[in-house]
Amino acid sequence: MLNRKYFGALGAAAMSVALAACSSTTPTAAKPSAPNSSAVSSPASSSPTPEAALLTKAQLTSALLSLSQMPAGWSTDSSTSTGEKTFCDYRQPHKAQIQVSRTFRKGGGFTATIATAGIRQYASASDAAESFTAMEKALETCHRETYQGSVLKYLPMSVDKLGDRSLGVRIDSDGTTLLQQFTLDGPTLINVGTGGLTDADADTATKLLRDQVDRYEAAARK
């Protein structure tokens with residue numbers, strides 16, 4: 001079963017940067033890509049994305065979803081995770097210069113649901129785009145791996161057309177489902193994830209991603 005700490009780790013892995021690495025874990029070989037089997041990626045939206053202005057860590061933290069923006073029933077969770085884990089340990093072309101995230105929790109026990117929101121800012125929009133492309137390409141062949149003793153299965157998921165590009169991934173492991181959605185927006189990669197043992201609401205994840213992108217773009221345009 002995936003616990004709260006493990007969910008946070010997966011969220012960071014899906015974002016393609018820093019997560020607590022378990023160097024003793026050897027992932028299984030990625031399966032060959034089948035036609036149309038890669039993570040679903042959406043083209044750019046019709047609305048313009050913000051200028052490639054770099055924000056401070058304080059500004060990015062302020063742009064994160066806050067508890068007041070969450071639906072009823074959620075509370076702030078203190079879980080955090082940092083490190084180097086990526087999908088099937090693919091190599092990242094660039095490291096984010098600043099990363100901020102916030103985790104929320106609803107319910108408890110078997111009905112507990114976790115939601116995460118994160119922003120990773122790179123040195124430039126081109127670095128962010130190359131990092132997004134690397135994650136996208138990795139998911140064309142990375143459909144399952146073994147991590148910390150559990151088999152993780154990755155499936156493409158449709159997403160809203162936000163920012164410059166977006167993609168979604170469904171992660172299944174030991175009866176737990178995690179839904180991760182990512183948007184490339186200027187010099188940043190924005191992610192929102194939701195999941196749990198009994199509830200992984202795609203509609204909630206979609207709404208939270210829209211809200212998170214809107215908050216970041218408003219901060220970036222100031």
Side-chain angles (χ1 to χ4, degrees), residues 8-21 27 30 33 38-65 80-102 116-142 145 154 156-157 159-169 171 180-193 208-222:
L10 286 174
M15 269 302 290
S16 85
V17 286
L19 156 74
S33 176
S38 62
V40 176
S41 178
S42 70
S45 63
S46 57
S47 60
T49 54
E51 296 296 326
L54 298 180
L55 303 182
T56 65
K57 186 171 184 177
Q59 289 172 321
L60 290 172
T61 300
S62 294
L64 284 171
L65 287 173
T80 59
S81 182
T82 59
E84 299 292 336
K85 184 71 181 81
T86 61
F87 287 123
C88 293
D89 296 333
Y90 77 88
R91 184 176 179 180
Q92 305 168 61
H94 305 284
K95 292 296 183 86
Q97 292 193 329
I98 301 174
Q99 63 180 71
V100 295
S101 64
R102 187 164 288 147
T116 62
I119 305 173
R120 296 177 186 239
Q121 181 174 271
Y122 292 80
S124 65
S126 61
D127 281 3
E130 289 173 8
S131 298
F132 185 95
T133 296
M135 177 174 64
E136 190 175 49
K137 288 185 178 299
L139 286 167
E140 291 177 359
T141 55
C142 177
E145 66 175 316
Y154 305 127
M157 184 176 69
V159 289
D160 265 3
K161 299 177 179 62
L162 300 172
D164 302 308
R165 294 151 65 192
S166 297
L167 67 80
V169 184
I171 306 172
Q180 287 286 335
Q181 301 188 28
F182 311 96
T183 291
L184 169 66
D185 207 336
T188 67
L189 293 184
I190 298 171
N191 81 296
V192 165
L208 293 180
L209 182 64
R210 289 176 190 155
D211 291 346
Q212 182 58 81
V213 169
D214 286 346
R215 284 181 63 82
Y216 164 72
E217 291 188 351
R221 287 192 176 112
K222 288 183 180 178

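Note that these values count all heavy atoms, side chains included, but never hydrogens, waters or copies made by symmetry.
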Where do [X] and [Y] come nearest, in terms of heavy atoms and distance?
| X | Y | result |
| --- | --- | --- |
| Glu136 | Arg165 | OE1-NH2, 2.8 Å |
| Tyr122 | Ser131 | CE2-OG, 3.2 Å |
| Ala117 | Leu64 | O-CD2, 3.7 Å |
| Ala53 | Tyr216 | O-OH, 4.4 Å |
| Glu145 | Thr86 | OE2-O, 3.9 Å |
| Leu167 | Val169 | CD1-CG2, 3.8 Å |

Report yes if the side chains of [X] and [Y] come closer than 4.5 Å at any heavy-atom pair, otherwise no.
| X | Y | result |
| --- | --- | --- |
| Asn191 | Gln212 | no |
| Phe132 | Leu189 | yes |
| Asp160 | Leu209 | no |

For [X], check side-chain hydrogen bond (donor to acceptor under 3.5 Å, both in side chains) against everything at least two apart and list the hits.
| X | result |
| --- | --- |
| Thr61 | none |
| Thr183 | Ser166 |
| Gln97 | none |

Can you tell me how far [atom2] of [Y] sits from [atom1] of [X], rounded to the nearest 0.5 angstrom?
| X | Y | atom1 | atom2 | value |
| --- | --- | --- | --- | --- |
| Glu217 | Asp185 | CD | CG | 4.0 Å |
| Thr188 | Gln99 | OG1 | CD | 13.0 Å |
| Asp214 | Arg210 | CG | CZ | 9.5 Å |
| Glu140 | Tyr90 | CD | OH | 12.5 Å |

For [X], side-chain contact (heavy atoms from CB on, under 4.5 Å) partners two or more places apart:
| X | answer |
| --- | --- |
| Ser126 | Ser124 |
| Asp211 | Leu65, Lys207 |
| Ser62 | none |
| Ala218 | none |

- Task: Determine yes or no for a side-chain-to-main-chain donor-acceptor pair under 3.5 angstrom, with Gln121 supplying the side chain and Ile98 the backbone.
- Result: no
